[in-house]
Amino acid sequence: MMPQSRRIVLRGGTVIDGLRQRTRAADVAIVGDRITGVGTIDAKSHDTVIDCTGRLVMPGLIDTHAHLEGAIFTPDVQRAMLRQGVTSVITGQDGVSYAPGSTPWATQYFAAINGPHPHLTTTTGDPDADTTTDIRIRDLLATYDGTTAVNVGTLVPAGNVRHAVMGMDTGRASARELNTMKRMVKTGLADGALGLSTGLDYVPGLYADAEEISRLCEPVAAAGAVYVTHMRGGYEANSEFGIREVARIMERTGVRGHISHFHVHAAEGRKLLSELAAAGHDVTFDMYPYTRGCTLLAMALLPPEYSALDVNDAVEKLKSQRERQRLQSEWFPQVAKKASLGPAWPSMITIAHAPHLEWMWTEGLTLEDIARRIGATVVDTVLDLLIELRLEVSAVMAVRDQRPDDDLAKLFSHDAFMGGSDGIVLGGSPHPRAYGAFARFLSTFVGRSFTWAGAAIHLSGRPAQRFGLGDRGAVRPGWIADIAIVDPTGVRDEATYDNPRQPASGIDDVLVAGEVVLSNGELTGELSGRGLRRTGAAR
């Protein structure tokens, strides 16, 4: 007689469906990686019973925008996600990641955002070989199978695709180059990618026009996948510019769209979204519950052409006294005119990641404070910092117009909203959004933007459907048992700008694929996470 599979029973909680505005008092039974029953469960002596009295049994939350593809192997990062109820993250964002490709370009360019991947290499492994091997999306996804407590999906990053075919050529792609890029996108989707991402304020996405992006979106539309974009030209007051391009791409291809980190006032954002819907476009968006952002210092404060340079060339150029004088007189006055920053920019930018022993003291300080301490001008401080750290610097960016929670709440309540942390964990003073965004959604915006049932829809059920994650995102029989057990009165974000690595509280027990990965707030050592391949299953 075959031994009976171990069963887990979640007893006495309030079950939140994830796809409907429905909650009910019920037990949940789990065998293997699947939910086998929701209702009154007669627990047996051999069952593992978890008491959920007074707690909510929710589908595991899905972070639709994260930069954790390398950091997720770190136990501290896994614990930070699970303590927020996050069981799956979607990476490959902003058009730059580890795959596809055969050079270390992407890792070097996004070193301060994604960091290195500990289990991928572009070399063949033969020390006597001069050739490199292409890393495919399937290779990247395979690194997450059974190696982490959190599921990881990825998008095909369009910047990688363009760089693989055109390098840093700033011109338009030829017909042959477009066909090669389309084949790469199609291959990535076949490997399991969840869609295509662009980062149109980064390079080389900066050089791709709407026609090129549309061509790359053709296989995305054909596969029923989604086009995810960090829009061109910044956000906030300039959001309409980026939205118009998104609309043109969707009009040409019929692709479904998704706008990354939609920084905009609620009234303007709702107007733009309504216009897209009226035109027949299928668009969703993600946001995080903070008004400050985080990005590469070089992207924020240097002319765009610097991003296209090899790091060595960029550093040498910054060392030129003539170039420094030019930047001082011609470029930095333009920085002071940026709508989101203004003339007070030195006091609004805080260093997050400065990986050099002589500069680590700058993490957590504003550029103004750093310049004062070393007795230099702010411009010289910025340029010296970028030179010494070879551009590997990230910063938390404040904005002049700090939108209140009530304004954020008006966008979070929109039907097209999904949760995304834009989480970056590198450095001594990262943005707190990686450690706190989803706990903050639950603690601050349940009751303002959505009910508890609505939170599960926005943060789990709908993202799972949108990105083709199959039987995830609901607490129903037959579905995969990615489950967060939430104390509705105790859940809250603890991470702050001054102490950004504080894990959230109020979520102490989490299951991924039927295994208890977090118990009493601590990792159990179970590594049941998987690389998420797009299934296309829509419900």
Side-chain angles (χ1 to χ4, degrees), residues 4-16 18 26-38 41 43-63 68 71-89 144-152 425 434-436 438-439 442-443 452 456 459-460 472-473 475 479-495 501-530:
Q4 187 173 11
S5 298
R6 178 176 65 96
R7 187 171 74 162
I8 297 174
V9 176
L10 309 180
R11 173 178 281 171
T14 299
V15 174
I16 298 183
D27 305 323
V28 177
I30 299 160
V31 176
D33 66 353
R34 299 276 170 168
I35 298 168
T36 58
V38 178
I41 308 296
K44 307 298 183 183
S45 60
H46 59 267
D47 291 337
T48 298
V49 178
I50 299 175
D51 183 6
C52 300
T53 303
R55 295 190 287 174
L56 309 175
V57 179
M58 299 179 66
L61 309 184
I62 299 169
D63 188 341
L68 303 178
I72 199 64
F73 299 100
T74 306
D76 173 68
V77 174
Q78 295 173 39
R79 181 170 173 263
M81 297 303 104
L82 297 170
R83 289 279 290 263
Q84 298 176 75
V86 173
T87 56
S88 300
V89 298
Y144 303 116
D145 291 331
T147 60
T148 169
V150 178
N151 302 310
V152 182
V425 297
Y435 282 71
F438 279 78
L442 299 180
S443 63
W452 280 105
L459 305 179
S460 187
R472 283 185 167 83
V475 182
W479 290 61
I480 293 175
D482 290 352
I483 294 176
I485 303 170
V486 181
D487 176 356
T489 61
V491 64
R492 63 181 178 273
D493 56 305
E494 306 285 0
R501 294 189 183 277
Q502 282 292 103
S505 55
I507 300 177
D508 293 330
D509 299 287
V510 178
L511 293 87
V512 170
E515 298 289 347
V516 178
V517 292
L518 188 78
S519 179
N520 295 318
E522 299 298 332
L523 297 175
T524 64
E526 294 289 345
L527 301 176
S528 52
R530 303 169 184 174

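One is the number of the first residue; the rest follow in order along the sequence.
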Query raised in the report: To the nearest 0.5 Å, what is the distance between CG (Asp51) and CG (Asp509)?
Result: 10.0 Å

Query raised in the report: Is it true that Asp508 and Arg55 have a side-chain N and a carboxylate O under 4.0 angstrom from each other?
Result: no

**Report entry** side chain to side chain contact (heavy atoms under 4.5 Å, CB included) partner of Ser528, chosen from Val517, Leu511, Asp482
**Finding:** Val517

Query raised in the report: Taking Ser460 for the side chain and Gly60 for the main chain, is one N or O donor matched with an acceptor at less than 3.5 Å?
Result: yes

Requested in this report: Supply the atom-to-atom distance Arg7 CZ to Ile30 CD1, rounded to the nearest 0.5 angstrom.
Outcome: 10.5 Å

Query raised in the report: Between Ala434 and Gln84, what is the shortest heavy-atom contact and its length?
Result: O-NE2, 2.9 Å

Query - Rounded distance [0.5 Å steps], CZ in Arg492 versus CG in Asp487 - result: 9.0 Å

**Report entry** Closest non-hydrogen atom pair, Gly12 against Asp27
**Finding:** N-OD1, 2.9 Å

Report summary line: Between Val491 and Ser443 the two heavy atoms that sit nearest each other are O-CB, 3.2 Å

Query raised in the report: Given Leu68 and Val425, is the side chain to side chain contact (heavy atoms under 4.5 Å, CB included) satisfied, shown in steps?
Result: CA-CA 8 Å; Leu68 303 178; Val425 297; 3.8 Å; yes

**Report entry** Minimum-distance pair of heavy atoms, taken over all atoms of Glu494 and Ser505
**Finding:** OE2-OG, 2.8 Å

Query raised in the report: Which value, rounded to the nearest 0.5 Å, describes the distance between Ile485 atom CD1 and Leu10 atom CG?
Result: 5.0 Å

Query raised in the report: Step by step, would you call Thr74 with Asp76 a side chain to side chain donor-acceptor pair (under 3.5 Å)?
Result: CA-CA 5 Å; Thr74 306; Asp76 173 68; over 6 Å; no

Requested in this report: Could you tell me whether Asp33 and Arg530 make a salt bridge, using a distance below 4.0 angstrom between a side-chain N and a carboxylate O?
Outcome: yes

Report task. Test side chain to side chain contact (heavy atoms under 4.5 Å, CB included) on Val150 and Leu82 and set out the steps. Result -> CA-CA 8 Å; Val150 178; Leu82 297 170; 4.0 Å; yes

Report task. Using a 4.5 Å cut-off on heavy atoms from C-beta on, say whether the side chain of Arg34 contacts that of Ile480. Result -> yes

Report task. Show the numbers, then the answer: is there a side chain to side chain contact (heavy atoms under 4.5 Å, CB included) between Leu518 and Arg83? Result -> CA-CA 8 Å; Leu518 188 78; Arg83 289 279 290 263; 4.0 Å; yes

Report task. Show your working on side chain to side chain contact (heavy atoms under 4.5 Å, CB included) between Ile507 and Leu442 and close with a plain yes or no. Result -> CA-CA 11 Å; Ile507 300 177; Leu442 299 180; 4.2 Å; yes

Query raised in the report: Minimum heavy-atom separation for Gly473 to Pro59, with atom names?
Result: C-CB, 3.6 Å

Query raised in the report: Hey, what do you get for CE (Met81) to CG (Leu61), rounding to the nearest 0.5 Å?
Result: 11.5 Å

Query raised in the report: Should we say atom CZ of Arg11 is surrounded by more than 12 heavy atoms from elsewhere, each under 6.0 Å from it?
Result: no

Query - Where Ala504 and Ala439 come nearest, the two heavy atoms and their spacing - result: CB-CB, 3.5 Å

Query - Spacing of Leu56 atom CG and Thr489 atom OG1 [to the nearest 0.5 Å] - result: 9.0 Å

Report task. For residues Leu527 and Gln78, determine if any side-chain heavy atom of one lies less than 4.5 Å from a side-chain heavy atom of the other. Result -> yes

Requested in this report: Apply salt bridge (charged side-chain N to carboxylate O under 4.0 Å, His left out) to Arg79 and list each qualifying residue two or more places apart in sequence or on a separate chain.
Outcome: Glu522

Query raised in the report: Do Asn151 and Arg472 touch side chain to side chain, with heavy atoms closer than 4.5 Å?
Result: yes

Query raised in the report: Got Ile16 and Val486 here, is their nearest side-chain heavy-atom distance under 4.5 Å?
Result: no

Query raised in the report: How would you list, by chain and number, every residue that makes a ring pair (Phe, Tyr, Trp, His ring centres under 6.0 Å) with Phe438, sequence neighbours excluded?
Result: Phe441

